[in-house]
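Below, chain A is the first sequence line, B the second, and so on; all start at residue 1.
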Amino acid sequence: MSRWLQGLNEEQRQAVAAVDGPLLVLAGAGSGKTRVITHRIAHLMDGGVGPEAILAVTFTNKAADEMRERLAAMVGKKRAQVATLSTFHAFGLALLKDETQRRRRNARLVVFDTGDQLACLRELLRRVDLGRTFDLGSLLQRISGWKNAFLAPGELPSSDDPYDEAAAELYPRYLEQLEAYAAVDFDDLVCQPTKLLEGSAACRERWAARFRYVLVDEYQDTNAAQLRLLRALGGGHRNVCVVGDDDQSIYGWRGADVRNILRFGDDFPGAQVIALERNYRSCPPILALANQVIAANPERHPKQLRPTRHGGVKVRLVVGTDGESEARWVALHLKQAVERHGRGWGEAAVLYRSNILARGLEEALREHGVPYRVFGGAAFFDRKEVKDVSAYLRLCCNPFDEIALRRVINTPARGIGPVTVAKLAAWAEATPGRSLFAALQQAPEVLGAADRALAPIAELVALIGKHAPLLRGGGALADQGRMLIEATGLRGELERSSPSGKIFERRWGHVLGLFDGLAAYCRRVERPSLADYLNRLALFSSGDDDAEGPRDCVTLCTLHGAKGLEFPLVIMVGLEEGLLPHDRTLNPQANDLDSSGVDEERRLCYVGITRARDELVLTRAARRLIRGRAQDRQPSRFLEGLVAEDFELEDLSAPPPLEDVKAMVAALRARLGA
DNA sequence: GACCAGCTTATTTTT
DNA sequence: TAAGCTGGTC
């Protein structure tokens, strides 16, 4: 027996051993999912499958890194390195590059992140008069949905929704723009590889022969396009193993489709299904609650989490009089847990549906001296200074990248104002095959010989003209990049616009960090290129910045952010109608796309509950300030009809029991000597 | 280009 | 309520 089958429970062992043919592993929360995946890969390798033939796809880079680390501990660093563990998007980019090179086409392309996509749409919206304002995000969501459904602009279903109409108007132009910029967005990274695979049997066979075993983690988070990619890739050999939990599908609002995991057997007929229901994480009362809460959802693979642990304290329901009282209770409870029950701060987490609840919590925690960190939040790549610098670098790689050019064109201010840019852009648009950068190069013809902007434009063109070849050469990239940025004067601009020296130092530190990352990349990779690094930056943005937080702290985090984490003590706050389920899912806005509704909110609640190992507290407030108005709040419907014996209720808003009042009065009387 | 006043709008977030 | 954005002014 392979050593990787040992130390597993029966179902886990089956999931690891069922190597050939399609397999769906329904991995309940805390059921040892990652263990199964890593053991499965190791087991494959033990059975003679080369690591290069294994592709494991995850949802985030963090998950991929974690998996590689655990795998390295099992089979050695070398073999773990050779296996392909990546996100759908990173894999898609690699496939795309490989195929364009094979076709001897220019493999140069930029990956647009959400900010770039929005900038592109904003520009289009300015150009096309649609008669009113639109929320860019809602438009982008629609376009993204169409792309992922492989619908070309001519194939859209008719609709009289103004947002559908506006998005349909912009959609073809958006595609044209990306093409002109040699850019791909995140959706393209899945859809374009799929089209390549579906369009050519030879291509399909090549990739299927290369990756004979495919695994997908967090399968409940995949969208329609990702399913199609998977089918194109694994439809031949059918050695496709997907792992996930339909009850933890919480990303329907950004395109994930639970039906993928509910109907895996339809896409891969004859698939084996193995459910991991033994939970190694939580105490029985917590699991009892989790099972009850999720059982009310209609569409799901029926399953129950079964505890392997014993004992445990009852789940507590705490009702504060208002938001402040709730937050105060949380702070005091955390303090008590540490001071009286010997917990470390780092063992506890406070989870909430919406970030607005974090504010009041932070206040209360600060007041009571509870150390905390907010998990998630503003990311490195969103910082203005980092974006400015990378826009310069992007422009050097690809003068067609108009989004980067627009960002850079007057940053730092050099006297090329919006009117000038508009003139240049109009010329570029009216002249077939000419980019905005070309307009800059021919500025004297475009703007006339007397234009005041000519000098700064010539300077900018010369700057890029000088540094672009150096940066595209590939040698000493970090040094070259620093020289470019030095020449732009961005540093001075940043210093001027920073409110304090300390803030400037921090911001400039981010810029330097970008170049440190570039230098490290150059050392790591055989044939480094700036374009490749920038694309990685777009694709691997979030991973490296959460190391900076202090360690022994209470974690504050949204329910979404908590997925995949676990804590000995979990406090979920705001268990009220309107917050969980959130008001926006109960009463969607006109421009909202149909979401998965209350079922998804219930799953969110389930995800929160199942993060807790030993102790779980659910809190709510009887009244709460909502947009400055005090409102009476109803308990969340997810707590309705629960079996009482598993809970303990603590109502800070209710009058104390009569016995207590009598005792208090008696005590008072005695003190007064009455 | 910087600043201010008034207006609008209030989820979740990774690639 | 309060933060973020727009449009106007200097």
Side-chain angles (χ1 to χ4, degrees), chain A residues 57-64 86-93 111-117 122 133 135-138 140-141 144 148 184-191 218 221-223 225-226 249-256 323 351-360 375-382 410-418 493 496-497 499 535-543 546 557-564 574 578-593 595-597 600-601 603-605 607-608 624-631:
Chain A
V57 185
T58 60
F59 196 55
T60 65
N61 293 302
K62 202 173 153 196
S86 79
T87 62
F88 269 106
H89 297 86
F91 172 73
L93 178 63
V111 176
F112 267 17
D113 66 18
T114 313
D116 301 321
Q117 291 179 282
R122 191 174 297 126
T133 58
D135 173 61
L136 286 174
S138 300
L140 186 57
Q141 226 181 345
S144 169
N148 281 303
V184 289
D185 63 21
F186 287 132
D187 299 320
D188 288 325
L189 291 176
V190 176
C191 296
E218 305 281 16
D221 288 331
T222 53
N223 65 24
Q226 287 159 340
S249 162
I250 54 175
Y251 285 107
W253 53 273
R254 64 180 197 212
L351 309 182
Y352 37 82
R353 169 70 233 261
S354 155
N355 280 313
I356 36 167
L357 289 187
R359 186 182 295 264
F375 192 80
F380 179 75
F381 65 96
D382 275 331
N410 207 29
T411 311
R414 51 167 72 83
I416 312 176
E493 156 92 7
R496 240 172 292 126
S497 64
N535 284 342
R536 283 167 192 246
L537 212 59
L539 243 37
F540 298 88
S541 44
S542 69
D546 51 13
C557 148
T558 63
L559 288 167
H560 283 93
K563 201 179 77 169
L579 233 32
L580 187 67
H582 197 278
D583 188 48
R584 188 105 177 231
T585 55
L586 264 19
N587 309 301
Q589 277 206 341
N591 57 347
D592 283 344
L593 241 27
S595 72
S596 329
E600 183 156 308
E601 297 287 300
R603 294 193 288 264
L604 206 43
C605 184
V607 166
R624 193 186 289 280
L625 278 175
I626 300 285
R627 293 180 208 172
R629 280 194 131 77
Q631 267 182 19

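Closest-nucleotide positions on DNA chain B for A:P412 and A:T558 were compared, and the one nearer the 5' end corresponds to A:P412. Ranked by how close their nearest DNA chain B nucleotide is to the 5' end, A:H560 and A:R414 are led by A:R414.
Look at CD1 on A:I626: it is 10 Å from P on B:dT11, rounded to the nearest Å. Atom CZ in A:R584 sits about 8 Å away from atom C1' in B:dA10, given to the nearest Å. When rounded to the nearest whole Å, the span between CZ of A:R629 and P of B:dA10 equals 17 Å. In this structure, A:Y352 atom OH and B:dT13 atom P are separated by 9 Å, rounded to whole Å. Residue A:D187 contributes atom CG, which lies 14 Å from atom P of B:dT15 at whole-angstrom precision. In this structure, CG of A:L604 is placed 7 Å from C1' of B:dT12, rounded to the nearest angstrom. Distance A:R254 CZ to B:dT15 P: 8 Å, rounded to the nearest Å. What separates CD of A:E601 from C1' of B:dT12 is a distance of 8 Å, to the nearest Å.
Ring planes of A:F59 and A:Y251: tilted class, angle from 30 to 60°. Using cut-offs of 30° and 60° for the angle between ring planes, the A:H560 and A:W253 rings count as perpendicular.
Judged by distance alone, the side chain of A:E600 and the main-chain N or O of A:G252 form a donor-acceptor pair under 3.5 Å. In this structure, A:E601 contributes its side chain and A:H582 its backbone to a donor-acceptor pair below 3.5 Å. A:N61 contributes a side-chain N or O that, together with a main-chain N or O of A:L539, makes up a donor-acceptor pair within less than 3.5 Å. Within the 3.5 Å criterion, the main-chain N or O of A:A256 finds no donor-acceptor partner in the side chain of A:D221.
Spacing between B:dT12 and C:dC5 at atom P, rounded to whole Å, works out to 15 Å. Nucleotides B:dT14 and C:dA3 are separated by 23 Å at their P atoms, to the nearest Å. Comparing the same atom, C1', in C:dT6 and in B:dT11 gives a spacing of 24 Å after rounding to whole Å.
Nucleic acid contact for A:N410: sugar-phosphate only, since backbone atoms but no base atoms lie under 4.0 Å from a heavy atom of the residue. Across all strands, A:F59 comes closer than 4.0 Å only to sugar-phosphate atoms, never to a base (heavy-atom distances).
Candidate nucleotides B:dT15, B:dT11, B:dG1 were compared by shortest atom distance to the side chain of A:A413, and B:dG1 ranks first. Closest contact between the side chain of A:W253 and the listed nucleotides B:dT14, B:dT11, B:dT12 involves B:dT12.
Residue side chain A:R627 does not reach the base of C:dT1 through any donor-acceptor N/O pair under 3.5 Å, judged by distance alone. With hydrogens and angles ignored, a donor-acceptor pair under 3.5 angstrom links the side chain of A:T114 to the base of B:dT15.
Both geometric conditions, a ring-centre gap below 5.5 Å and a plane tilt below 30°, are not fulfilled together for A:Y251 over the base of B:dT14.
At B:dT13, one or more side-chain N or O atoms of A:N355 fall inside 4.0 Å of OP1 or OP2 (strictly under the cut-off). Within the 4.0 Å cut-off from OP1 or OP2 of B:dT14, not a single side-chain nitrogen or oxygen of A:N61 is found. Contact annotation: A:R359 side-chain N/O to C:dA2 OP1/OP2 distance is not under 4.0 Å.
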